Student: 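I am attaching a structure below and will ask some questions about it afterwards.
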Number of protein chains: 2
Amino acid sequence: MFYFLFLWQTTNNMSVLNDELDYQILKLLQKDGRMSFTEISKEINVAVSTIRHRYINLIEDGTIKIIGRVDPNKIGFNAYASILISVKPKTYMNTIFEELTKLPEISFLALVSGSFDIEADVMCRDMEHLNVLLADKIHVLEGVFDTKTNMYMKIYKVAQPDLELARLSSMPKQ
Amino acid sequence: MFYFLFLWQTTNNMSVLNDELDYQILKLLQKDGRMSFTEISKEINVAVSTIRHRYINLIEDGTIKIIGRVDPNKIGFNAYASILISVKPKTYMNTIFEELTKLPEISFLALVSGSFDIEADVMCRDMEHLNVLLADKIHVLEGVFDTKTNMYMKIYKVAQPDLELARLSSMPKQ
DNA sequence: AATTTATTTACAAAAAACGTATTAAAAAAT
DNA sequence: ATTTTTTAATACGTTTTTTGTAAATAAATT
């Protein structure tokens, strides 16, 4: 009977630590995607092999992806804009999304609520480039009824989802 | 005389390959931030030490940053929204940016052209969370005159700046 | 042409990753 | 309640990679 209680306790602790461990790994990699498994394991006192296993799982289920984030300004993109698109008739939505996805200038593409249907954020070299993109690649698409373009004039913050906020909820894994 | 010509040729090739080399490194790291220097060097036929030097420079001047990009949905963020803010009087702009930058829910914050002044994209757990954020953290700020919130209902694309497009211009390093 | 500066490269020591095997724990079945 | 199955954590030796330093080469400056 006493033995049973003991087992229950370890089980409980482990299942809490499980998710907590993933959070800690994610948090460290979020800041520095090249941090070695060895360093991570030292930081949170778990065996290197465990970190590696967890890492592989997190990568495979798409929870995290390690990427090099390139600063657009440094490589010559000086016109960052938000293009809102109104589609009429709405039956064109799917084909428009398909076509827009292909455009290399588009860095973010989503279906939005509000008076427009689609938001497409684009990174262009300059106003000329943006202008040509709009005229030759977007306005020509069948179903594009109206657009509204606004420039991002100064960027104050670009951040990752805050894991501390996520931890408050019960971590529903997809 | 013949020797001199030979030298000139190598020089010329090298200087073209210089910027091209940075592009190639950036392109590979953009896709896989954990790719080893060894692997990169094999891919583009340059000594490992060269790749490493270039890498260190690219990191130090902020051209690229290796980060773990966490999928918001996988960790329980189900309300992704765009909040447009109108500021009156405009003298409050600076303090509002300062305050907004602190909010952990905000993943993107920028000064925008158009009928509103500020765009703040937020990642919240759910509608309740978003609602509380708006009411208790944003609407209460002095100078926030009006806001307009739209939900990102489905995300079709999240991409990095396209290096092929950048290569077309003359790579002005900042 | 000489000097300075920057870039590329080579190499050896240290550190890290990988593959595999082992151990331990949790869940499921009996 | 015990056994079996499945899943997760860990240890360890080998291979690979990174790191620090020094040398060679090229470019820019004088």
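Fair warning: this is a prediction, and the values are worked out from it, not measured in the lab. Sequence lines set the chain letters: A, B, ... in the order given, protein chains first and strands last, and positions in each chain run from 1.
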Student: Grab the two heavy atoms, one from B:Phe116 and one from B:Ile85, that are nearest each other, plus how far apart they are.
Tutor: CD2-C, 3.5 Å
Student: Separation of A:Leu21 atom CG from D:dA9 atom C1', in whole Å?
Tutor: 10 Å
Student: Indicate the ring-plane relationship of B:Tyr80 and A:Phe108, choosing parallel, tilted or perpendicular according to the 30° and 60° boundaries.
Tutor: perpendicular
Student: Within this structure, what is the CD1-to-C1' distance between A:Ile44 and D:dT10, rounded to whole angstrom?
Tutor: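 That distance rounds to 15 Å.
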Student: Measure the distance from CD on B:Glu60 to C1' on C:dT7 and round it to the nearest whole Å.
Tutor: 15 Å
Student: Of A:Thr38 and B:Ile51, whose nearest nucleotide on DNA chain C comes first from the 5' end?
Tutor: B:Ile51
Student: Which nucleotide sits closest to the side chain of B:Ala47: D:dT19, C:dT9, C:dA17?
Tutor: C:dT9
Student: Find the distance A:Ile56:CD1 to C:dA17:C1' and express it as a whole number of Å.
Tutor: 10 Å
Student: Hey, are the side chains of A:Pro161 and B:Ile75 touching, using non-hydrogen atoms and a 4.5 Å cut-off?
Tutor: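 In contact.
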Student: Rounded to whole angstroms, how far apart are CG on B:Asn45 and C1' on C:dT8?
Tutor: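 About 15 Å, once rounded to whole Å.
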Student: Think B:Thr50 has a side-chain N or O under 4.0 angstrom from the OP1 or OP2 of C:dT9?
Tutor: yes
Student: Among the candidates D:dT18, D:dT10, C:dA17, find the nucleotide nearest to the side-chain atoms of B:Phe37.
Tutor: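 Nucleotide nearest to B:Phe37's side chain: D:dT18.
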Student: Output yes when at least one side-chain N/O atom of A:Arg52 is less than 4.0 Å from OP1 or OP2 of C:dC18, else no.
Tutor: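 Result: yes.
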Student: Round to a whole Å and report the spacing from CG of A:Asp19 to P of D:dT7.
Tutor: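 One finds 17 Å between P of D:dT7 and CG of A:Asp19, rounded.
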Student: Tell me the closest heavy-atom pair linking B:Ile106 and B:Leu100, and the distance in Å.
Tutor: CD1-O, 3.5 Å
Student: Describe the nucleic acid contact of B:Ser49 in one word from base, sugar-phosphate, nothing, applying a heavy-atom distance below 4.0 Å.
Tutor: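 Base contact.
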Student: Determine: side-chain N/O of A:Arg54 to OP1/OP2 of D:dA8, distance under 4.0 Å, yes or no.
Tutor: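 Looking at the OP1 and OP2 atoms of D:dA8, neither is under 4.0 Å from any side-chain N or O of A:Arg54.
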Student: Provide, to the nearest angstrom, the distance between the NE2 atom belonging to B:His53 and the C1' atom belonging to D:dA24.
Tutor: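 Rounded to the whole Å, the gap is 13 Å.
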Student: Rounded to whole angstrom units, what separation is found between the OH atom of B:Tyr55 and the P atom of D:dT19?
Tutor: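 One finds 8 Å between P of D:dT19 and OH of B:Tyr55, rounded.
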Student: How are the rings of B:Phe37 and B:Tyr55 set to each other: parallel, tilted or perpendicular (split at 30° and 60°)?
Tutor: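 Taking B:Tyr55 first and then B:Phe37, their aromatic rings sit tilted (interplane angle of 30° to 60°).
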